[in-house]
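Some notes on the structure that comes next.
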Protein chains: 2
Amino acid sequence: MELNTAADSLAALGHDTRLAIYRLLVQAGSEGLNAGVISARLALAPATLSFHLAHLTRTGLAVSRPEGRFIYYRADYARMNELLGFLTANCCAGEPCATTDTCCPQGEPA
Amino acid sequence: MELNTAADSLAALGHDTRLAIYRLLVQAGSEGLNAGVISARLALAPATLSFHLAHLTRTGLAVSRPEGRFIYYRADYARMNELLGFLTANCCAGEPCATTDTCCPQGEPA
DNA sequence: TCGATAATTCCAGAATAATGGAAATATATG
DNA sequence: CATATATTTCCATTATTCTGGAATTATCGA
(Lines give C-alpha, C1' and ligand atoms only; values in the text may rest on other atoms or scores of the structure.)
Protein backbone atom coordinates (compact mmCIF):
# COMPACT_ATOMS: atom_id res chain seq x y z
CA MET A 1 0.00 0.00 0.00
CA GLU A 2 1.27 3.43 -0.96
CA LEU A 3 1.89 5.97 1.78
CA ASN A 4 -0.27 8.34 -0.11
CA THR A 5 -3.19 5.92 -0.24
CA ALA A 6 -2.81 5.05 3.43
CA ALA A 7 -2.84 8.73 4.36
CA ASP A 8 -6.06 9.25 2.38
CA SER A 9 -7.71 6.37 4.21
CA LEU A 10 -6.53 7.55 7.59
CA ALA A 11 -7.77 11.04 6.85
CA ALA A 12 -11.13 9.54 5.95
CA LEU A 13 -11.26 7.89 9.38
CA GLY A 14 -9.90 10.98 11.07
CA HIS A 15 -13.18 12.76 11.52
CA ASP A 16 -15.66 12.18 14.31
CA THR A 17 -18.67 11.66 12.11
CA ARG A 18 -16.95 9.47 9.55
CA LEU A 19 -15.31 7.36 12.21
CA ALA A 20 -18.70 6.89 13.88
CA ILE A 21 -20.15 5.79 10.54
CA TYR A 22 -17.25 3.46 9.89
CA ARG A 23 -17.52 1.85 13.32
CA LEU A 24 -21.21 1.18 12.72
CA LEU A 25 -20.27 -0.54 9.48
CA VAL A 26 -17.45 -2.55 11.06
CA GLN A 27 -19.83 -3.73 13.75
CA ALA A 28 -22.62 -4.42 11.28
CA GLY A 29 -20.73 -7.19 9.49
CA SER A 30 -21.09 -8.30 5.88
CA GLU A 31 -24.76 -7.29 5.51
CA GLY A 32 -23.90 -3.66 6.06
CA LEU A 33 -26.40 -0.90 6.72
CA ASN A 34 -28.37 1.31 4.41
CA ALA A 35 -27.94 5.05 4.43
CA GLY A 36 -31.29 5.66 6.10
CA VAL A 37 -30.41 3.52 9.09
CA ILE A 38 -27.07 5.25 9.52
CA SER A 39 -28.69 8.63 9.14
CA ALA A 40 -31.23 7.78 11.84
CA ARG A 41 -28.71 6.30 14.26
CA LEU A 42 -26.35 9.23 14.05
CA ALA A 43 -28.91 11.98 13.45
CA LEU A 44 -27.22 13.31 10.34
CA ALA A 45 -28.67 15.50 7.60
CA PRO A 46 -28.95 13.44 4.40
CA ALA A 47 -26.55 15.64 2.45
CA THR A 48 -23.98 15.47 5.21
CA LEU A 49 -24.19 11.71 5.45
CA SER A 50 -23.91 11.33 1.71
CA PHE A 51 -20.81 13.48 1.71
CA HIS A 52 -19.14 11.32 4.34
CA LEU A 53 -20.21 8.01 2.83
CA ALA A 54 -18.80 9.13 -0.50
CA HIS A 55 -15.55 9.95 1.23
CA LEU A 56 -15.30 6.53 2.87
CA THR A 57 -16.20 4.83 -0.40
CA ARG A 58 -13.73 6.84 -2.44
CA THR A 59 -10.89 5.63 -0.24
CA GLY A 60 -12.05 2.02 -0.45
CA LEU A 61 -12.81 1.62 3.24
CA ALA A 62 -16.50 1.18 2.54
CA VAL A 63 -18.29 -0.50 -0.34
CA SER A 64 -21.83 0.22 -1.53
CA ARG A 65 -24.47 -2.07 -2.94
CA PRO A 66 -27.81 -0.79 -4.22
CA GLU A 67 -30.86 -2.77 -3.17
CA GLY A 68 -34.04 -1.31 -4.54
CA ARG A 69 -34.45 2.20 -3.28
CA PHE A 70 -31.85 1.61 -0.61
CA ILE A 71 -28.11 1.72 -0.78
CA TYR A 72 -26.28 -0.57 1.59
CA TYR A 73 -22.80 0.19 2.80
CA ARG A 74 -20.40 -2.24 4.40
CA ALA A 75 -16.84 -2.01 5.67
CA ASP A 76 -14.22 -3.59 3.42
CA TYR A 77 -12.34 -5.65 6.00
CA ALA A 78 -9.54 -6.57 3.63
CA ARG A 79 -8.88 -2.90 3.09
CA MET A 80 -8.94 -2.22 6.79
CA ASN A 81 -6.33 -4.89 7.46
CA GLU A 82 -4.08 -3.64 4.67
CA LEU A 83 -4.20 -0.27 6.32
CA LEU A 84 -3.44 -1.63 9.80
CA GLY A 85 -0.58 -3.62 8.31
CA PHE A 86 0.86 -0.52 6.72
CA LEU A 87 1.13 1.21 10.07
CA THR A 88 3.10 -1.53 11.78
CA ALA A 89 5.20 -2.76 8.83
CA ASN A 90 8.95 -2.79 9.44
CA CYS A 91 8.51 -1.53 12.94
CA CYS A 92 10.97 -1.38 15.80
CA ALA A 93 14.27 -1.28 13.92
CA GLY A 94 14.96 -4.97 14.32
CA GLU A 95 14.50 -4.92 18.08
CA PRO A 96 12.57 -7.99 19.28
CA CYS A 97 9.37 -6.10 18.93
CA ALA A 98 6.88 -8.29 20.77
CA THR A 99 8.76 -7.42 23.94
CA THR A 100 9.49 -3.75 23.28
CA ASP A 101 6.70 -2.22 25.29
CA THR A 102 3.60 -3.33 23.44
CA CYS A 103 4.59 -2.98 19.81
CA CYS A 104 3.28 -5.84 17.67
CA PRO A 105 1.74 -8.08 20.37
CA GLN A 106 1.41 -10.79 17.72
CA GLY A 107 5.00 -10.33 16.58
CA GLU A 108 6.29 -8.37 13.61
CA PRO A 109 3.84 -8.70 10.71
CA ALA A 110 5.16 -9.80 7.30
CA MET B 1 -10.43 4.70 23.88
CA GLU B 2 -12.97 7.37 23.07
CA LEU B 3 -14.17 7.73 19.49
CA ASN B 4 -13.26 11.32 19.67
CA THR B 5 -9.68 10.57 20.71
CA ALA B 6 -9.33 7.90 18.05
CA ALA B 7 -10.54 10.30 15.39
CA ASP B 8 -7.97 12.89 16.46
CA SER B 9 -5.20 10.31 16.20
CA LEU B 10 -6.37 9.08 12.83
CA ALA B 11 -6.58 12.64 11.57
CA ALA B 12 -3.02 13.15 12.74
CA LEU B 13 -1.94 10.18 10.63
CA GLY B 14 -4.16 11.23 7.75
CA HIS B 15 -1.71 13.58 6.14
CA ASP B 16 1.08 12.61 3.76
CA THR B 17 3.81 14.45 5.60
CA ARG B 18 2.76 13.40 9.08
CA LEU B 19 2.31 9.81 8.06
CA ALA B 20 5.78 9.83 6.52
CA ILE B 21 7.18 11.22 9.78
CA TYR B 22 5.29 8.66 11.82
CA ARG B 23 6.49 5.77 9.68
CA LEU B 24 10.08 6.90 10.16
CA LEU B 25 9.50 6.87 13.90
CA VAL B 26 7.81 3.47 13.86
CA GLN B 27 10.73 2.05 11.92
CA ALA B 28 13.31 3.78 14.07
CA GLY B 29 12.39 1.85 17.22
CA SER B 30 12.75 2.97 20.80
CA GLU B 31 15.72 5.28 20.23
CA GLY B 32 13.66 7.51 18.03
CA LEU B 33 15.02 10.24 15.78
CA ASN B 34 15.79 13.87 16.42
CA ALA B 35 14.01 16.60 14.54
CA GLY B 36 17.05 17.47 12.44
CA VAL B 37 17.34 13.95 11.08
CA ILE B 38 13.67 13.86 10.20
CA SER B 39 13.89 17.29 8.62
CA ALA B 40 16.81 16.17 6.48
CA ARG B 41 15.29 12.85 5.43
CA LEU B 42 12.00 14.36 4.37
CA ALA B 43 13.29 17.74 3.21
CA LEU B 44 10.93 19.75 5.38
CA ALA B 45 11.16 23.38 6.46
CA PRO B 46 11.82 23.53 10.22
CA ALA B 47 8.60 25.35 11.01
CA THR B 48 6.58 22.86 9.00
CA LEU B 49 8.21 19.89 10.69
CA SER B 50 7.68 21.40 14.10
CA PHE B 51 4.02 21.92 13.34
CA HIS B 52 3.55 18.28 12.36
CA LEU B 53 5.60 16.87 15.23
CA ALA B 54 3.55 18.92 17.66
CA HIS B 55 0.41 17.49 16.10
CA LEU B 56 1.63 13.89 16.47
CA THR B 57 2.73 14.58 20.03
CA ARG B 58 -0.50 16.28 21.01
CA THR B 59 -2.45 13.17 20.04
CA GLY B 60 -0.07 10.90 21.94
CA LEU B 61 1.16 9.00 18.90
CA ALA B 62 4.66 10.36 19.35
CA VAL B 63 6.63 11.18 22.46
CA SER B 64 9.50 13.64 22.72
CA ARG B 65 12.63 13.55 24.83
CA PRO B 66 15.13 16.44 24.92
CA GLU B 67 18.78 15.49 24.71
CA GLY B 68 21.07 18.47 24.81
CA ARG B 69 20.31 20.71 21.89
CA PHE B 70 18.39 17.94 20.19
CA ILE B 71 14.86 16.73 20.70
CA TYR B 72 14.25 13.08 20.03
CA TYR B 73 10.88 11.76 18.96
CA ARG B 74 9.72 8.18 19.08
CA ALA B 75 6.47 6.41 18.27
CA ASP B 76 4.39 5.36 21.26
CA TYR B 77 3.68 1.76 20.30
CA ALA B 78 1.18 1.21 23.09
CA ARG B 79 -0.85 4.09 21.75
CA MET B 80 -0.62 2.76 18.23
CA ASN B 81 -1.99 -0.60 19.31
CA GLU B 82 -4.83 0.95 21.27
CA LEU B 83 -5.78 2.79 18.13
CA LEU B 84 -5.62 -0.31 15.94
CA GLY B 85 -7.69 -2.16 18.52
CA PHE B 86 -10.32 0.54 18.46
CA LEU B 87 -10.85 0.08 14.73
CA THR B 88 -11.49 -3.65 14.89
CA ALA B 89 -13.29 -3.87 18.24
CA ASN B 90 -16.68 -5.58 18.15
CA CYS B 91 -16.37 -6.22 14.47
CA CYS B 92 -18.40 -8.48 12.21
CA ALA B 93 -21.68 -8.64 14.11
CA GLY B 94 -20.90 -11.98 15.71
CA GLU B 95 -20.11 -13.68 12.41
CA PRO B 96 -17.07 -15.97 12.75
CA CYS B 97 -14.84 -13.15 11.78
CA ALA B 98 -11.54 -14.88 11.07
CA THR B 99 -13.25 -16.50 8.09
CA THR B 100 -15.36 -13.58 6.86
CA ASP B 101 -13.14 -12.38 4.07
CA THR B 102 -10.05 -11.16 5.89
CA CYS B 103 -11.49 -9.43 8.92
CA CYS B 104 -9.43 -10.07 12.06
CA PRO B 105 -6.95 -12.65 10.71
CA GLN B 106 -5.94 -13.32 14.32
CA GLY B 107 -9.52 -13.67 15.44
CA GLU B 108 -11.73 -11.09 17.12
CA PRO B 109 -9.63 -9.00 19.51
CA ALA B 110 -10.78 -8.65 23.12
C1' DT C 1 31.14 35.20 26.89
C1' DC C 2 30.36 34.74 21.97
C1' DG C 3 29.08 32.54 17.78
C1' DA C 4 27.03 28.50 15.84
C1' DT C 5 23.51 25.08 15.77
C1' DA C 6 18.79 22.90 17.06
C1' DA C 7 14.30 23.54 17.45
C1' DT C 8 10.18 26.15 18.48
C1' DT C 9 6.75 29.89 18.26
C1' DC C 10 4.56 33.70 15.82
C1' DC C 11 2.06 35.14 12.10
C1' DA C 12 -0.49 35.74 7.84
C1' DG C 13 -1.67 34.18 3.43
C1' DA C 14 -3.32 30.15 0.65
C1' DA C 15 -5.63 26.00 0.32
C1' DT C 16 -8.94 22.54 1.70
C1' DA C 17 -12.81 20.47 4.05
C1' DA C 18 -17.48 20.39 6.38
C1' DT C 19 -22.29 21.61 6.61
C1' DG C 20 -26.99 21.53 5.19
C1' DG C 21 -31.00 23.59 2.33
C1' DA C 22 -32.97 22.89 -2.04
C1' DA C 23 -33.26 20.58 -6.38
C1' DA C 24 -32.52 16.32 -8.90
C1' DT C 25 -32.58 11.22 -9.65
C1' DA C 26 -34.30 6.77 -9.02
C1' DT C 27 -37.22 3.17 -7.32
C1' DA C 28 -41.34 1.40 -5.25
C1' DT C 29 -46.31 1.14 -4.45
C1' DG C 30 -51.27 2.02 -5.08
C1' DC D 1 -49.49 7.37 -13.93
C1' DA D 2 -49.03 9.88 -9.51
C1' DT D 3 -47.20 10.04 -5.11
C1' DA D 4 -44.08 8.80 -1.45
C1' DT D 5 -39.57 7.42 -0.03
C1' DA D 6 -34.34 6.91 -0.39
C1' DT D 7 -30.38 8.96 -1.62
C1' DT D 8 -27.45 11.94 -4.13
C1' DT D 9 -25.78 16.22 -6.29
C1' DC D 10 -25.38 21.21 -6.38
C1' DC D 11 -23.95 25.20 -4.25
C1' DA D 12 -22.57 28.76 -1.10
C1' DT D 13 -21.15 29.71 3.45
C1' DT D 14 -18.28 28.85 7.29
C1' DA D 15 -14.52 26.81 9.54
C1' DT D 16 -10.16 24.59 9.79
C1' DT D 17 -5.61 23.30 8.42
C1' DC D 18 -1.16 23.83 6.05
C1' DT D 19 2.96 26.29 4.88
C1' DG D 20 7.20 28.64 5.59
C1' DG D 21 9.77 33.22 6.56
C1' DA D 22 11.33 35.68 10.48
C1' DA D 23 11.98 36.16 15.29
C1' DT D 24 12.85 33.60 19.60
C1' DT D 25 14.64 30.28 23.01
C1' DA D 26 18.00 27.09 24.43
C1' DT D 27 22.27 24.47 24.40
C1' DC D 28 26.92 23.57 23.00
C1' DG D 29 31.94 24.31 22.28
C1' DA D 30 35.99 27.42 21.94
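The sequence lines fix the lettering, A, B, ..., with proteins before strands; numbering per chain opens at 1. Not measured: the values here are computed from a predicted model.
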Minimal heavy-atom distance between A/C103 and B/N81, with the atoms involved, is CA-ND2, 3.6 Å
Distance, nearest 0.5 Å, that separates CZ of A/R23 from CG of B/N90: 5.5 Å
Any idea which heavy atoms bring B/L3 and A/A20 closest together, and the distance? CD1-CA, 3.7 Å
Determine, using the 4.5 Å side-chain heavy-atom cutoff (strictly less than), whether A/V63 and A/M80 are members of one ILVMFWY cluster. no
Quick one: do B/N34 and B/I38 satisfy side-chain contact (heavy atoms from CB on, under 4.5 Å)? Show the steps, please. CA-CA 7 Å; B/N34 66 55; B/I38 300 170; over 6 Å; no
Just to be sure I understand the geometry, which residues of residues 9-32 of chain A put a non-hydrogen atom under 4.0 Å away from DNA chain C? A/H15, A/R18
Report for the helix from C/dT1-D/dA30 to C/dG30-D/dC1: angle between first-end and last-end helix axes, five pairs each, rounded to 10 degrees. 30°
With the threshold set at under 4.0 Å for non-hydrogen atoms, list the residues of residues 35-58 of chain B touching DNA chain C in residue-number order. B/A35, B/G36, B/P46, B/A47, B/S50
Cluster overlap B/Y22 with B/I71, hydrophobic side-chain contacts below 4.5 Å: yes
Could you list where the contact with chain B starts and ends along DNA chain D, reading 5' to 3', using a 4.0 Å heavy-atom cut-off? D/dC18 to D/dC28
With a 4.5 Å cut-off on side-chain heavy atoms, are A/H52 and A/H15 touching? yes
Is the number of heavy atoms from other residues, nucleotides or ligands under 6.0 Å of B/E67 CD greater than 12? yes
Give, ordered by number, those residues of residues 60-75 of chain A having at least one heavy-atom distance below 4.0 Å to an atom of DNA chain C; if nothing qualifies, reply none. A/G68, A/R69
Quick check: do B/L19 and A/N4 have side-chain heavy atoms less than 4.5 Å from each other? no
Group every Ile, Leu, Val, Met, Phe, Trp and Tyr by side-chain heavy-atom contacts under 4.5 Å, then state whether B/L84 and A/V26 land in the same group. yes
How would you list, by chain and number, every residue that makes a side chain to side chain donor-acceptor pair (under 3.5 Å) with B/E95, sequence neighbours excluded? A/S30
4.5 Å side-chain heavy-atom contact, B/R74 and B/E31: no
Joint cluster assignment, A/L13 & B/M1, ILVMFWY side-chain distance < 4.5 Å: yes
Hphob cluster co-occupancy, A/L56 + A/L24, side-chain heavy atoms under 4.5 angstrom: yes
Validation row: B/L10, B/T59 side chains within 4.5 angstrom (heavy atoms): no
